[in-house]
J.: 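Structure in structure tokens, see below.
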Amino acid sequence: MKILIIDDDEDIREVAQLTLELQEGWTVLTAGSGETGITIAKQEQPDAILLDVMMPQMDGFATLERLQADSNTQSIPVIFLTAKVSSVEANATKELVICGSIVKPFDPLILGEQIRTILAPPS
């Protein structure tokens with residue numbers, strides 16, 4: 001599986017990347033901003049995107065809107081990575097399509113399992 005992590009916090013990106021690469025054997029791409037993340041998503045077509053909600057310049061909601069407006073990236077599943085679940089819930093009426101959310105701080109030991117569970121088709 002190829003995962004793209006878009007988060008302005010370098011420590012979060014490194015912990016998540018190491019965890020998913022070492023524990024799950026996944027290919028992990030990272031971006032420190034929404035703009036860079038969109039560019040990487042178009043080029044690399046990841047299987048899923050972990051997207052931070054609170055970022056400077058372009059936040060997670062604006063990044064998600066751009067991803068979903070582009071035919072090259074609109075079908076990529078997006079999981080919000082956020083410390084503010086209430087902001088995700090408050091914006092749920094904006095027709096934003098996300099697969100789920102993972103609350104920060106996350107437990108690196110179960111991050112891969114959380115992603116697999118969120119991306120699993122409903123049974």
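The analysis underlying the following values was restricted to heavy atoms, covering all of them including side chains, and did not include hydrogens, waters or symmetry mates. Sequence positions, counted from 1, serve as the residue numbers for this chain.
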J.: Got Glu24 and Glu113 here, is their nearest side-chain heavy-atom distance under 4.5 Å?
T.: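 No. Closest side-chain heavy atoms not under 4.5 Å.
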J.: Is the shortest side-chain heavy-atom distance between Gln74 and Leu67 below 4.5 Å?
T.: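 Result no, sub-4.5 Å side-chain heavy-atom pair not found.
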J.: Taking NZ, NE, NH1 and NH2 as the nitrogens, is one of them in Lys104 or Asp9 under 4.0 Å from a carboxylate oxygen of the other?
T.: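 Here Lys104 does not pair with Asp9 in a salt bridge, since their nearest N and O are not under 4.0 Å apart.
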J.: How about Leu4 and Ile6: do any of their side-chain heavy atoms sit closer than 4.5 Å?
T.: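 Of all side-chain heavy-atom pairs linking Ile6 with Leu4, at least one is under 4.5 Å.
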J.: Does Thr30 offer a backbone N or O that forms a donor-acceptor pair with the side chain of Arg13 under 3.5 Å?
T.: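 Flag not set: sc Arg13 to bb Thr30 has no pair under 3.5 Å.
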J.: Kindly give the cluster partners of Ile79, where membership spreads through any ILVMFWY side chain lying under 4.5 Å from a current member.
T.: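 Ile79 clusters with Met1, Ile3, Ile5, Ile12, Val15, Leu20, Trp26, Val28, Leu50, Leu81, Ile102, Phe106, Leu111, Ile115, Ile118, Leu119.
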J.: Could you state the interatomic distance from OG1 (Thr73) to CD (Glu44), rounded to the nearest 0.5 Å?
T.: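 Spacing of OG1 (Thr73) from CD (Glu44) equals 13.5 Å.
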J.: Donor-acceptor check, side chain of Gln45 to backbone of Asn72, threshold 3.5 angstrom: yes or no?
T.: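 Yes, the answer is positive, given that a donor and an acceptor are paired below the 3.5 Å cut-off.
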J.: Sequence neighbours excluded, which residues qualify as side-chain hydrogen bond (donor to acceptor under 3.5 Å, both in side chains) partners of Gln23?
T.: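 Here no residue qualifies.
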J.: Distance check, rounded to the nearest 0.5 Å: Leu29 atom CG versus Ile49 atom CD1?
T.: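 Leu29 atom CG to Ile49 atom CD1 measures 10.0 Å (nearest 0.5 Å).
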J.: Just verifying a value: how many Å separate Ile40 CD1 and Ser33 OG, rounded to the nearest 0.5 Å?
T.: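 So the CD1 of Ile40 and the OG of Ser33 are separated by 8.0 Å.
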J.: Check whether any side-chain heavy atom of Arg66 lies under 4.5 Å from a side-chain heavy atom of Thr63, and answer yes or no.
T.: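 A side-chain contact under 4.5 Å is absent here.
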J.: Side chains of Thr36 and Thr39 only: does a donor on one sit below 3.5 Å from an acceptor on the other?
T.: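 No, because no side-chain N or O of Thr36 sits under 3.5 Å from a partner of the opposite role on Thr39.
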J.: So, taking the atom named CD in Gln114 and the one named CG in Asp107, what distance separates them when rounded to the nearest 0.5 Å?
T.: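 Answer for the CD-CG pair, Gln114 versus Asp107, is 7.5 Å.
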J.: Without swapping roles, check the side chain of Thr27 against the backbone of Lys2 for a donor-acceptor pair under 3.5 Å.
T.: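 Absent.
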J.: Evaluate Asp52 against Phe80 for side-chain contact (heavy atoms from CB on, under 4.5 Å), listing each step before the verdict.
T.: CA-CA 6 Å; Asp52 184 21; Phe80 272 154; over 6 Å; no
J.: Mind checking whether Met54 and Asp59 have side chains closer than 4.5 Å, heavy atoms only?
T.: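 No. Closest side-chain heavy atoms not under 4.5 Å.
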J.: Grab the two heavy atoms, one from Ala41 and one from Pro46, that are nearest each other, plus how far apart they are.
T.: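 Shortest heavy-atom contact: O-CD, 3.7 Å.
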